[in-house]
Amino acid sequence: MAVSNINCSGKLYVVATPIGNLADITFRAVEVLKVVDLIAAEDTRHVIMLLQHYGITNKLFSLHQHNEDKASLVLLEKLREGQSIALVSDAGTPLISDPGMPLVKIVREAGLDVVPIPGACALITALSASGLPVTQFSFEGFLPRTSSARKAFFSERLNYPKTWVFYESCHRILAALQDMSEVLPLDREIVIARELTKLHETIVKTSLDEALDLVSQNGNMRKGEFVVIVDGVTIDKTDDLMTPEQEKVLRVLLKECSIKSAVAMAVEITGVRKKVLYQAALEIDKEKGA
Ligand code: SAM
């Protein structure tokens with residue numbers, strides 16, 4: 001049904017816009033952007049390019065992460081007065097690592113309609129072409145900014161059984177892969193999806209160590225925007241078990257040496273898999289800090 005034929009008064013439309021290629025927008029999204037009273041945009045200068053491309057001349061309102069609590073109240077008032085509003089972000093689906101959550105929350109709480117207009121989203125785009133299992137996955141947003149916090153984050157996901165996905169910028173992609181390679185096994189399969197839907201779109205599926213080589217050696221692989229997808233771990237449940245005796249050995253070794261040495265010796269003594277011992281060692285270490 002055409003949007004212009006329906007009553008959009010007092011409705012908030014959450015409109016997905018392209019993540020690169022301007023043609024990746026739905027007919028419905030263009031129509032909504034034309035007929036609403038106001039477009040709330042993360043960066044009004046940025047959205048103008050898209051609007052000009054589709055001949056849309058509409059009023060703009062700035063809503064970004066630094067003003068969104070106040071701006072959302074102003075927008076709620078306008079909706080209550082019967083105006084219709086489209087929420088867009090700089091790229092892709094609003095709210096997905098982008099502003100908009102406070103607005104959607106208060107509009108729903110006020111009992112007004114929130115209408116999603118689906119479209120591009122970088123993580124779904126990357127997953128769809130990754131070749132990794134996607135029946136279930138976990139989206140992690142952006143990684144922590146410091147190396148120590150990133151390593152802690154990777155340690156927590158060492159044995160995560162499902163595919164996991166994160167966003168990264170060109171400034172931190174290399175550092176993120178370096179940290180990952182210090183924590184995860186180097187043969188872990190990952191997908192680096194770069195500049196999706198754009199001229200230099202690159203989607204590489206390889207092992208962690210090869211991905212690290214590629215990104216460190218090829219400057220182009222450190223340019224643009226990135227989605228990184230990491231394969232989950234299929235652990236045979238019987239391999240995952242440790243006897244209390246084996247755990248005791250690990251605990252004794254951890255009292256005397258570093259995690260790395262304790263795990264290496266425990267592998268020799270107990271025959272338990274390194275991955276299992278390493279994860280257990282991290283947990284024991286956490287208990288000490290708690
Ligand atoms: N709302 C957006 C979405 O639906 O995907 C995400 C916005 S978030 C602020 C921006 C991040 O998304 C980038 O740093 C990058 O990690 C990822 N991203 C956005 N566009 C991309 C593209 N064309 N190719 C690869 N990653 C992209």
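Just the heavy atoms: all of them, side chains too, but no hydrogens, waters or symmetry mates, feed the values below. Atoms within each ligand, like the ligands themselves, are counted from 1 in listed order.
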Query raised in the report: CD of E156 to CG of L282: how many Å apart, nearest 0.5 Å?
Result: 9.5 Å
**Report entry** Qualifying residues under side chain to side chain contact (heavy atoms under 4.5 Å, CB included), relative to I48, sequence neighbours excluded
**Finding:** Q52, L60
Query raised in the report: Are any of the side-chain nitrogens in R251 or E287 under 4.0 Å away from the carboxylate oxygens of its partner?
Result: yes
Report summary line: The reported gap from CG in L33 to OG1 in T17 (rounded to nearest 0.5 angstrom) is 8.5 Å
Query raised in the report: Is the shortest side-chain N to carboxylate O distance from K78 to E81 below 4.0 Å?
Result: no
Report task. Determine, for F154 and R150, whether the Lys NZ or Arg CZ falls below 6.0 Å from the six-membered ring centre while staying within 45 degrees of the axis. Result -> no
Table of N or O contacts for ligand 1, cutoff 3.5 Å:
residue  : atom   : partner : partner atom : Å
ligand 1 : 1 (N)  : A91     : O            : 3.1
ligand 1 : 1 (N)  : T93     : O            : 3.0
ligand 1 : 1 (N)  : I96     : O            : 2.9
ligand 1 : 1 (N)  : D98     : OD2          : 2.8
ligand 1 : 4 (O)  : T93     : N            : 2.8
ligand 1 : 5 (O)  : A122    : N            : 2.8
ligand 1 : 5 (O)  : Y167    : OH           : 2.7
ligand 1 : 16 (O) : E168    : N            : 3.3
ligand 1 : 16 (O) : E168    : O            : 3.3
ligand 1 : 16 (O) : F226    : O            : 2.6
ligand 1 : 20 (N) : E225    : OE1          : 3.3
ligand 1 : 23 (N) : I19     : O            : 2.9
ligand 1 : 23 (N) : L196    : N            : 3.4
ligand 1 : 23 (N) : L196    : O            : 2.9
ligand 1 : 24 (N) : L196    : N            : 2.8

